[in-house]
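Everything on this sheet refers to the single structure shown next.
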Amino acid sequence: MKHKQHGSIHLILLGMVLLLIVGTLTYVFLNNIAPKSNISTDNESVSQVTSDNKQDTPHIEFKDWNVRFSSNVTYDLIKNSSTGNETAYFITNKELAKVCVTPDSAWLGIIRRYEDPNEKIISGQYSGQTPNQLFSKTGMTITDKLYVFSTIPQSCTRNGPEKPEFDQAAKKLESEIKSLQAY
């Protein structure tokens, strides 16, 4: 009789060890999957994803540029058509833009990327100068491309009272975009 009880204890212990191993593997597998929510803009794909680090800091990704910045805000990104050496994204938050008189054009900011920061601009007020000459102090060079961000204060048409929440959101975006990095 003792022999049967002894064998049953071994089976129970073996079952508990197997359950522990399966549980641990499931936990590791589920934590390595990063949730994604894609936003499609002008046939370009931009995503907000969770990073791989231990703090799970969310990022805003520009997939076609292979750069991202840390943010816990969901932004709407609209790609502007390329002009010469420059491409750009307008950045806004649709919920916040509703406080503006013209919410469809209420941009918090714009980020521009210059493929060749040393190529001279051929038209406009900056004709003959290079993006590096104009923006090297305010921009960021990442993988030989120059990224320049600016807030657009007139983007929330103010035909009436000031919109402090819009201005605060633009300042938050400005501080977040300083974490722009290649991935």
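Considering only heavy atoms from C-beta on, W107 stays 4.5 Å or farther from N93 through its side chain. The shortest side-chain heavy-atom distance between L180 and I142 falls under the 4.5 Å cut-off.
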**OP:** Please step through side chain to side chain contact (heavy atoms under 4.5 Å, CB included) for the pair E115 and K145, ending with a clear verdict.
**Re:** CA-CA 5 Å; E115 293 293 322; K145 314 272 190 285; 3.0 Å; yes

**OP:** List the steps, then state whether side chain to side chain contact (heavy atoms under 4.5 Å, CB included) holds for Y75 with F90.
**Re:** CA-CA 10 Å; Y75 292 105; F90 292 99; over 6 Å; no

Original post:
Is there a side chain to side chain contact (heavy atoms under 4.5 Å, CB included) between V148 and I111 once you walk through the steps?
Top reply: CA-CA 6 Å; V148 179; I111 185 167; over 6 Å; no

**OP:** Check the pair Q181, H59 against side chain to side chain contact (heavy atoms under 4.5 Å, CB included), reporting the backbone distance first and the verdict last.
**Re:** CA-CA 10 Å; Q181 62 182 339; H59 290 86; 3.9 Å; yes

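Listed by chain and residue number, E95 satisfy the side chain to side chain donor-acceptor pair (under 3.5 Å) test with K98 (two or more places apart in sequence, or in another chain). Take D116 and apply the side chain to side chain donor-acceptor pair (under 3.5 Å) test, not counting sequence neighbours, and it matches no residue.
Closest non-hydrogen pair, T151 versus A170, comes out as CG2-O, 3.7 Å. For the pair R112 and A88, the tightest heavy-atom approach, listed with the atom from each and the gap, is CG-CB, 4.0 Å. K63 and Y183 get closest at one heavy-atom pair: CA-OH, 3.3 Å. Smallest separation of non-hydrogen atoms from T143 and A182: CG2-CB, 4.2 Å. Residues L96 and A169 come closest through the heavy atom pair CD2-CB, 3.0 Å. Nearest heavy atoms, P117 versus T130: O-CB, 3.4 Å.
The distance from the CE atom of M140 to the CZ atom of F69 is 9.5 Å, given to the nearest 0.5 Å. For the atom pair Q133 CD and K120 NZ, the distance stands at 7.0 Å (nearest 0.5 Å). Rounding to the nearest 0.5 Å places CD of E119 at 4.0 Å from CG of N85. Rounding to the nearest 0.5 angstrom, the gap separating the CG atom in D144 from the CG atom in N118 is 9.5 Å.
I121 and L146 end up in the same hydrophobic cluster when Ile, Leu, Val, Met, Phe, Trp and Tyr side chains are linked at under 4.5 Å. A continuous path of hydrophobic side-chain contacts links V67 to I91 [ILVMFWY only; heavy atoms under 4.5 Å]. Residues F166 and I177 fall within the same hydrophobic cluster, defined by Ile, Leu, Val, Met, Phe, Trp and Tyr side chains chained together at heavy-atom separations under 4.5 Å. Note on I60 and V73: same hydrophobic cluster, where clusters join Ile, Leu, Val, Met, Phe, Trp and Tyr whose side-chain heavy atoms are under 4.5 Å apart, directly or indirectly. One hydrophobic cluster, built from ILVMFWY side chains closer than 4.5 Å, holds both L77 and F149.
The pair E176-K178 does not meet the salt-bridge criterion, since no charged nitrogen lies less than 4.0 angstrom from a carboxylate oxygen.
Donor-acceptor pairing under 3.5 Å is lacking for the side chains of Y89 and D76.
A donor-acceptor contact shorter than 3.5 Å links the side chain of S175 to the backbone of K172.
For the side-chain contact (heavy atoms from CB on, under 4.5 Å) test with Y147, the passing option among F62, Y114, W65 is W65; the others fail.
Atom CG of L18 sits in a crowded spot, with more than 12 heavy atoms from other residues, nucleotides or ligands closer than 6.0 Å.
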